[in-house]
Amino acid sequence: MVALPATAAAARSGGSSGPLYNAIFNFGDSGSDAGNLCVDGRPGPASLLGIFTRLPYGVTYFGKPTCRCSDGRVNIDFLARAFGLPFPLPSKAPRKDFQRGANMAIIGGTVLDYSNASLKFTAYDGSMNTQIDNFQQLLPSICGTQQSCKMYLAKSLFVFQLGENDYSIQLVNGSTVDEASKNIPRTVNTIISGVEKLMTLGAVDIVVSNIALMGCFPFYLSMFESSNKSDYDKYGCLRNHNALFKRHNSFLQSSLPKLQKKHPHARIMYADLASHIYQIVQDPRKFGFETAFMSCCGKAGAPHRFDLFTLCGMDGSSVCHDPASHLSGMECT
């Protein structure tokens, strides 16, 4: 996730010395989950749930696991601090004050609803609609009445970063890249409908992120390994898989101006996560990384240090000497 440009932030504040936003609200997956998977009371697979409650998760910043899929903070934490806000709390945390923000993201989160199918990464329904429903349930405690909420949310920042898992689910379950591509319009149009739903609740400033080129990540490089060198680009990323994510991003980017025109009172901001990560992939040392294709934590000796049966946090996994030196620290969905 990228922060807003300084000029845009200044324009939004109108030169005021007061806080830019009342709160920050996030919708996403493992890239920004602050612990919803662990505070959710429903039973889940112990092998999956347990790993995020074990070191090395959380070791760098918090000194203990927080159920973030990271050795420290996740992207939304950095964005919140950039605007002088506290880290948004996981929305499922009981008896918490969410007036400064809430994080609806959950590991395995998706745009589409897979609750009635076996095609999902966790035992939980982390679909966009479910996350928005969770947010709506919090509103009375955050801002009171419908009218007061519209005023409060108009000066809050909304961040929307979903989509990667929708394609991963299809590919892992045997779909070809071409077959997965057919779902791009449905996936993007569902994102647009979700953003519009937030607008009806009062959202004005909304950041919509594209999705990373997953064909450069250890999970994809291991799961979809090919003996055909032409399947890889000159940097070592899976060419066809990245083409899928590029098509999604292009469709999303072309859809947002239409949405902006339909809702001129809103400010919809497109966050280009994919380009920033791909720049790092091309020259990781320029950005302070030792490697882009090797996970910091996983199974030693495995290609890209990734193995589904020895994920980071599981018995037998190992950790690199410096998590900050690896673009991919701890692979999650």
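In what follows, residues are counted from 1 in the order of the sequence shown. This is a predicted model, so every value here is computed, not measured.
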Using 30° and 60° as the class boundaries, would you call the ring planes of F158 and F25 parallel, tilted or perpendicular? tilted

Walk me through whether F217 and F293 qualify under ring-ring contact (aromatic ring centres under 6.0 Å, His included). CA-CA 6 Å; F217 283 70; F293 298 133; 9.2 Å; no

Do the side-chain N and O atoms of Q161 and N75 include a donor-acceptor pair separated by under 3.5 angstrom? yes

pair check: C320 + C296, SG-SG < 2.5 Å: yes

Q170 versus N183, side-chain donor and acceptor atoms under 3.5 Å: yes

Do you see a donor-acceptor pair shorter than 3.5 Å between the side chains of N228 and S226? no

Under a plain distance cut-off of 3.5 Å, with no hydrogens placed, do Y57 and D71 share a side-chain donor-acceptor pair? no

Cluster link L85 to F78, ILVMFWY, side chain under 4.5 Å: no

Check the hydrophobic clustering (I, L, V, M, F, W, Y; side-chain heavy atoms under 4.5 Å; chains of links allowed) and say if Y235 and F287 are grouped together. yes

Show every donor-acceptor pair shorter than 3.5 Å between a side-chain atom in residues 139-148 and any protein atom, with sequence neighbours excluded, or say none if there are none.
residue : atom : partner : partner atom : Å
S141    : OG   : L138    : O            : 2.7
T145    : OG1  : S148    : N            : 3.2
T145    : OG1  : S148    : OG           : 2.9
S148    : OG   : C143    : O            : 2.4
S148    : OG   : T145    : N            : 3.0
S148    : OG   : T145    : O            : 3.0

ILVMFWY cluster, M151 and I206 together (side-chain gap under 4.5 Å): no

For side-chain contact (heavy atoms from CB on, under 4.5 Å), just list the numbers for I106 and D29, CA-CA rounded to whole Å, side-chain angles, deciding distance to a tenth of an Å, and then say yes or no. CA-CA 5 Å; I106 189 167; D29 51 32; over 6 Å; no

Between S295 and P218, the two heavy atoms sitting closest are N-CG, 3.7 Å

What I want to check is whether the side chains of D272 and S275 have a donor and an acceptor closer together than 3.5 Å. yes

Donor-acceptor contact present, side-chain K150 to main-chain T200, <3.5 Å: yes

Are H263 and E196 close enough that a side-chain donor and a side-chain acceptor fall under 3.5 Å? yes

Less than 4.5 Å apart, side chain to side chain, heavy atoms only: is that true for Y278 and C237? yes

Tell me if a side-chain donor or acceptor on N249 pairs with a main-chain N or O of N210 at a distance below 3.5 Å. no

Between D233 and R239, is the closest basic N to carboxylate O distance under 4.0 Å? no

For K299 and S318: C-alpha separation, side-chain torsions, deciding distance, then whether side-chain contact (heavy atoms from CB on, under 4.5 Å) applies. CA-CA 6 Å; K299 184 177 181 179; S318 63; over 6 Å; no

Let me check something: do V159 and F87 share a hydrophobic cluster, defined by ILVMFWY side-chain heavy atoms less than 4.5 Å apart, either directly or through other members? no

Is the backbone of Y152 close enough, under 3.5 Å, to the side chain of S156 for a donor and an acceptor to pair up by distance? yes

Any donor-acceptor N or O pair under 3.5 Å, side chains S168, Y220: yes

Assess the residue pair H326 and F289 against the criterion (ring-ring contact (aromatic ring centres under 6.0 Å, His included)); give the C-alpha distance rounded to whole Å, side-chain angles, the decisive distance to 0.1 Å, and a yes or no. CA-CA 6 Å; H326 289 59; F289 296 98; 8.8 Å; no

Does either side chain, that of N26 or that of S32, offer a donor lying less than 3.5 Å from an acceptor on the other one? yes

Write out all pairs satisfying salt bridge (charged side-chain N to carboxylate O under 4.0 Å, His left out) with one or both partners inside residues 128-146, taking only residues at least two apart or from two chains. D133-K197

Could you verify whether a donor N or O on one side chain and an acceptor N or O on the other, from S70 and R68, lie under 3.5 Å apart? no

Give a yes or no on whether Y232 and M294 share a hydrophobic cluster (residues Ile, Leu, Val, Met, Phe, Trp, Tyr; joining criterion: side-chain heavy atoms under 4.5 Å apart). no

F135: which of F27, F98, F160 passes ring pair (Phe, Tyr, Trp, His ring centres under 6.0 Å): F27

Trace of the side-chain contact (heavy atoms from CB on, under 4.5 Å) decision for Q253 with V208: CA-CA 9 Å; Q253 188 172 18; V208 183; over 6 Å; no

Between S127 and T130, do the side chains contain a donor N or O and an acceptor N or O under 3.5 Å apart? yes

Assess whether atom CZ of R81 is packed by more than 12 heavy atoms of other residues, nucleotides or ligands within 6.0 Å. yes

So N240 and F224, side-chain contact (heavy atoms from CB on, under 4.5 Å) or not? Walk me through it. CA-CA 11 Å; N240 289 338; F224 306 110; over 6 Å; no

Does the distance from a Lys or Arg side-chain N to an Asp or Glu carboxylate O, for D33 and K92, drop under 4.0 Å? no

